[in-house]
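Notes follow the structure.
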Amino acid sequence: MADLSSNFVGIKSPNPFWLASAPPTDKAYNVERAFEAGWGGVVWKTLGEEGPPVVNVNGPRYGAIWGADRRLLGLNNIELITDRDLFVNLEEIRQVKKNWPDRAVVVSLMVPCIEEAWKTILPLVEETGADGVELNCGCPHGMSERGMGSAVGQAPDLIEMITRWCKATTRMPVIVKLTPNITDIRAPARAALAGGADAVSLINTINSITSVDLDNFCPEPTIDGKGTHGGYCGPAVKPIALSMVSEIARDRELKGLPISGIGGITTWRDAAEFLALGAGNVQVCTAAMTYGFKIVEEMVSGLSNWMDENGHRTLDDVIGRAIPNVTDWQFLNLNYVTKAKINQDLCIKCGRCHIACEDTSHQAISATRNGERHFEVMDEECVGCNLCVNVCPVDNCITMEPLAAGSVDPRTKKKVEEKYANWTTHPNNPGAIPEAAE
Amino acid sequence: MEGTTGTAALDDGIVAGRLHAETLRTNFADLHAPLSAHEARIEAERCYFCFDAPCMNACPTQIDIPMFIREISTGNPLGAAKTIFEQNILGGMCARVCPTETLCEEVCVREEAEGKPVKIGRLQRYATDIAMDEDARFFSREASTGKKVAVVGAGPAGLSCAHRLAMHGHDVVIFDARPKAGGLNEYGIATYKTVDGFAQQEVEYLLSIGGISIELGQRLGEQLSLDGLLGEFDAVFLGIGIGGVNAMLADGSETEGVDNAIDFIAELRQATDLSSVPIGRNVVVIGGGMTAIDAAIQAKLLGAENVTICYRRGKDHMNASDFEQELAASKGVTIRHWLQPKRVISSDGTVSAIELEYTAIRDGKLTGIGHTATLPADQVFKAIGQTLIEETADGLRIEGGRIAVDKEMRTSHDKVWAGGDCASGGDDLTVTAVAHGRDAAESIHKALSGAAR
């Protein structure tokens, strides 16, 4: 049996699946249920400074987009940080940690960019016995208008400043949660590292309007005729999150900075992908909000079975394994030639590959053979783009088959070279260098 | 007494009231309830929007099925209805009666992928029902051309032809022999397939385009003659169906209690009170097509104790689809193959049994093999096919017992077109009749436009 136990910046949990700071972790009732269901840890919903609690809208807080069968693909929210009393939260955190000593309990924090504010709240959290803190530099709605959340996350100097304050104040590990609403995710990550952060977590939600109510021309979610952008999450954001995680994981300056991966993780497979791209653990929210806490069972068993089948004994065998294979476009092998191949036994003859290729790509898939409906790739036209694979409704019906070195590409009529060669040495590149930089 | 049976449940002979009125209402209710909005969306999202979709090509009227399903899935049912009606103005009825399992749904790639085609027929009904309920109209007449066209027969072919001609601005008079328009839609389809007077609603919806008048009680060969129509109209379309019933080659086939299945089906459709429709206790239906199935199922639903379909060939030769055969079986109808009627046995002048002879194919020819079986029967329905009453097509070339037509539905007379069951080359389906009528109308329009120039 694979060992799923996780040690993330010294915070131990029986598995790498934490619930992200969000409505599912707003109070003891939910968190207790989550731990009973098997979650390895939680990041408690963001606490603010002492005083009158935050006020939320009393209308809709969520908007969504759906796929076929109304499967939720993307969710956005305009809920703010916890609207419960600070000391009620702190007491519940203390009790939950006491009840569940083997689970990770990290507390998300968001207070104004004033040193005193951070120095006041951190000891209060420390007293609860919580395992660490996560600085919310990510929420893109509401709090950002008050100079917090993503307003901080978009200003690397502010990130560095508050991280430094926190590290100087507390013994607890400090995780800095980053906003994706920024041009280059490495800048805030470097700032966090410079401030002494133990880790970063990403991504927080993305600025979004999910839809417009066309009856009254209001953005969704609509509150009494008006709407505002919310924070987008769920399966739809996973590719964005994976890319950002990988950017940090493979950055030379950030090498070794632990990452807690967040963004649309719905299944064990999603989680494994984040781990492979350098995340030390993962945080989940939308999937739990869609299906309930029980999904963690599938995540644990799926990850465990996959690790067993592939001989990965611990998470460390997986974490970062895909990073060496993330590179820049200019280093991709231009001598690697593939052709799409349609498995005629699996083909159900919907013809989507044909029309996609015919209308929008390279006219490389024929629709008939001897007058019969039949879809076949024409190697002499196929550029290997993979669009047909992606529009095909049948799994594995169309595959990309590499041409063997030494064979001739029927499209270019050129021999497929065995040697790796990329753009940096390509004759069409005015800036080409004599030898390929591998 | 509790139970679903009426007072006459176990009486011999052909009697009414075998079942309680409430049971009859349940038995003859809509075979497939309409899809709810939720069901329609879920089902529509199963469609792959195939290229050059096989379903579309399998549809005799070539409805752009992927398009109308996509329109349903995007919350645009009126757009979907328009897409359907553009090709098939009787799309509402076809959604109910088409044997989709042998047309569009048979070739759905989902059938290939997982044995469960998209429910195209029911989605078509969903969209057309919404449009008709909202009285959304998508077509209007062109300016009047002053040309007059006679359409004989207010069935699917005639109605479809009339509508398309009206769109092109021609003035149309539809003649029909029966007291109501609709043809087989009104008189020839099982009651549970088209409930709540839908056939008449559809006629009204279609006629709302204007420029079409209907004259009922006008039968070709009686009140009307082809020559007379040709003298009065610029063109004539014949959609007269096949009103003759094939004779049953068995002794005693004129005995009381031997009835035509199509008459029974029509009687049921026109009945205001199903408990007044008499039915036998032991019913035998001779035939293997949709009419045989429709009659047998409805006999059972009316309360017949034993209903047996006897067909002279094997299961695979039956014109009734697998779905129809299974439906009959599920209602308790027994289907027996390789049996042909030999002799109707009577007692006191009415049917008491039928003797059938086992058959086989010998040297490629169907033949009786001497052995017989006798089934008790107080009612026998003949459903062994219909024929064109040829004198109604006097002077037109006949081919294979139907009026010969070309691809544009032109007959041998240059001012006469024909379509539907009476025309050659069809398959006796409602949807094919609709396609014929539409295509004939385009051909007539072309001919009349040419004459005007």
Side-chain angles (χ1 to χ4, degrees), chain A residues 64-74 210-216 220 235 340 342-378 387-398, chain B residues 35-59 62-80 83 101-120 122-123 126 130 134:
Chain A
I65 65 161
W66 299 272
D69 206 7
R70 212 176 144 89
R71 291 276 167 174
L72 192 140
L73 296 182
T210 50
S211 57
V212 175
D213 180 336
L214 292 177
D215 290 330
N216 50 22
E220 298 277 12
I342 300 172
N343 180 331
Q344 297 298 335
D345 292 335
L346 293 176
C347 177
I348 60 172
K349 298 186 170 56
C350 69
R352 286 182 11 176
C353 56
H354 163 77
I355 200 62
C357 192
E358 190 71 16
D359 279 355
T360 70
S361 292
H362 301 89
Q363 297 75 50
I365 299 180
S366 57
T368 55
R369 187 176 66 182
N370 303 329
E372 296 283 311
R373 190 175 177 85
H374 178 92
F375 300 96
E376 195 85 71
V377 176
M378 295 176 275
L387 177 65
C388 54
V389 173
N390 292 309
V391 301
C392 177
V394 179
D395 204 19
N396 272 325
C397 175
I398 310 180
Chain B
L35 294 179
S36 69
H38 169 78
E39 290 171 309
R41 201 199 62 242
I42 297 294
E43 193 60 25
E45 285 172 354
R46 295 184 63 231
C47 174
Y48 284 137
F49 202 73
C50 296
F51 160 75
D52 190 25
C55 53
M56 187 171 85
N57 295 322
C59 174
Q62 286 268 313
I63 293 170
D64 190 342
I65 293 165
M67 185 57 74
F68 94 67
I69 293 180
R70 186 169 174 82
E71 287 168 321
I72 290 173
S73 75
T74 60
N76 179 12
L78 293 182
T83 299
E101 63 279 2
T102 60
L103 296 170
C104 51
E105 293 179 18
E106 181 179 46
V107 298
C108 176
V109 302
R110 285 273 192 182
E111 174 68 30
E112 171 109 12
E114 65 218 45
K116 291 193 184 77
V118 175
K119 292 171 184 158
I120 298 167
R122 299 184 71 185
L123 287 169
Y126 174 80
I130 288 175
E134 294 184 12

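Here is the naming used below: chain letters follow the sequence lines, and residue numbers restart at 1 for every chain.
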With sequence neighbours left out, what residues match [X] under side chain to side chain contact (heavy atoms under 4.5 Å, CB included)?
| X | answer |
| --- | --- |
| A:V377 | A:A340, A:I342, A:I365, A:D379, A:C382 |
| A:C392 | A:V394, A:C397, A:I398 |
| A:V212 | A:L214 |

- Query: Looking only at heavy atoms, what is the nearest atom pair of B:F51 and A:A367, with distance?
  - Reply: CE2-CB, 3.7 Å

What are the atom names and distances for all donor-acceptor pairs below 3.5 Å between chain A and chain B?
unit_1, atom_1, unit_2, atom_2, d
A:D69, N, B:E45, OE1, 2.3
A:C350, O, B:F51, N, 2.9
A:R352, NH1, B:Y48, O, 3.0
A:R373, NH1, B:F51, O, 3.3
A:R373, NH1, B:D52, O, 2.7
A:R373, NH2, B:F51, O, 2.7

- Item | Side chain / backbone / both / neither for A:C347 at chain B, heavy atoms under 4.5 Å | backbone

- So which of B:P54, B:C47, B:C50 actually passes side chain to side chain contact (heavy atoms under 4.5 Å, CB included) with A:C350? B:C50

